[in-house]
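See below for the structure under consideration.
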Amino acid sequence: MPASPPPASSEPSRRRILVLNGPNLNLLGQREPDVYGHATLADIGALLEARASELGLQVECRQSNHEGVLLDWLQRAEAEGFAAVLLNAGAYTHTSIALLDAIRAIALPVIEVHLSDPAKREEFRHLSYVGMAAVDTVQGLGAQSYVVALERAAAL
Ligand code: CA2
């Protein structure tokens, strides 16, 4: 007898949000807690998973110290089935025209995220190439910046 197809899931598929973290953010929680807080990237991932489940979303968190890897992830995000991207590009925020071009090139909305408020820090952090292309920016709220950004993504 031919195998019957699996029963259709009764659970509607949840919109997937990709969370990208750039250089040095893997060090969170270990150094500079006065600037970036005590939460590790894993703590932030857990916060996002909890809020995502309340919002009916799914999150996937990634971190890379390499600009090209971040570019590849942005370029592939739509084909991978994501609906939006939260991006903390770390210091590449202030240097990377390549990230600006990638955000402009993809169809998905990208929300810029920062733990600190770069506008209140050194002058060289005041320019954001990411912010020139992002649909929104959430900054200065510590780990909560990511949660607020996720809530904004849910409303898109
Ligand atoms: O406030 C943010 O989220 C930043 O994106 C963090 C970047 C900084 O270059 C941006 O101006 C603002 C730096 C991330 C480095 O993270 C560290 C974490 C712990 C210890 C040292 C660095």
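Atoms within each ligand, like the ligands themselves, are counted from 1 in listed order.
At a 3.5 angstrom cut-off on N or O pairs, Glu32 does not count as close to ligand 1. In terms of polar-atom proximity, defined here as any N/O pair under 3.5 Å, Ser116 does make such a contact with ligand 1. Here's the thing with Asn88: one of its N/O atoms is less than 3.5 angstrom from an N/O atom of ligand 1. No N or O atom of Pro118 sits closer than 3.5 Å to an N or O atom of ligand 1.
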task = Evaluate side chain to side chain donor-acceptor pair (under 3.5 Å) for Tyr146 paired with Asn21, printing each intermediate quantity in order.
result = CA-CA 11 Å; Tyr146 288 82; Asn21 287 287; 2.5 Å; yes
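No continuous path of hydrophobic side-chain contacts links Leu20 to Leu28 [ILVMFWY only; heavy atoms under 4.5 Å].
Given atom 2 (C) of ligand 1, the protein heavy atom at minimum distance is Leu115 N, 3.4 Å. Residue, atom and distance of the protein heavy atom nearest to atom 9 (O) of ligand 1 are Arg125 NH1, 2.9 Å. Taking atom 4 (C) of ligand 1 as the reference point, the nearest protein heavy-atom neighbour is His114 ND1, 3.6 Å. For atom 6 (C) of ligand 1, the closest heavy atom belonging to the protein is Tyr36 CE2, 3.5 Å. Residue, atom and distance of the protein heavy atom nearest to atom 14 (C) of ligand 1 are Leu25 CD2, 3.8 Å. Nearest non-hydrogen protein atom to atom 15 (C) of ligand 1 is Asn24 CB, 3.6 Å. In terms of protein heavy-atom proximity, atom 11 (O) of ligand 1 is nearest to His94 NE2, 2.7 Å.
Residue contacts with ligand 1 include Leu28, since one of its heavy atoms falls under 4.0 Å from the ligand.
Contact check on Glu60 versus Arg76 returns no salt bridge, with no Lys/Arg side-chain nitrogen under 4.0 Å from an Asp/Glu carboxylate oxygen.
Take Gln58 and apply the side-chain contact (heavy atoms from CB on, under 4.5 Å) test, not counting sequence neighbours, and it matches Arg14, Arg16. With sequence neighbours excluded, the residues forming a side-chain contact (heavy atoms from CB on, under 4.5 Å) with Asp101 are Ile97, listed by chain and number.
A donor-acceptor pair under 3.5 Å is formed between the side chain of Asp43 and the backbone N or O of Thr40. With hydrogens and angles disregarded, no donor-acceptor distance shorter than 3.5 Å links the side chain of His38 to the backbone of Gly29. Remark: side-chain polar atoms of Asn26 are not paired, donor with acceptor, to backbone N or O of Ser64 under 3.5 angstrom.
Close contacts between ligand 1 and Ala91 involve ligand atoms 9 (O) [criterion: under 4.0 Å to a heavy atom]. For ligand 1 and Gly90, the ligand atoms under 4.0 Å from any heavy atom of the residue are 5 (O), 7 (C), 9 (O).
Contacts of Arg31 with ligand 1, taken as heavy-atom pairs under 4.0 Å, involve both backbone and side chain.
You'll find the side chain of Ile44 reaches within 4.5 Å of the side chain of Leu115, heavy atoms only.
Using modelled atom types and a 3.5 Å distance limit, the side chains of Glu112 and Ser128 yield a donor-acceptor pair.
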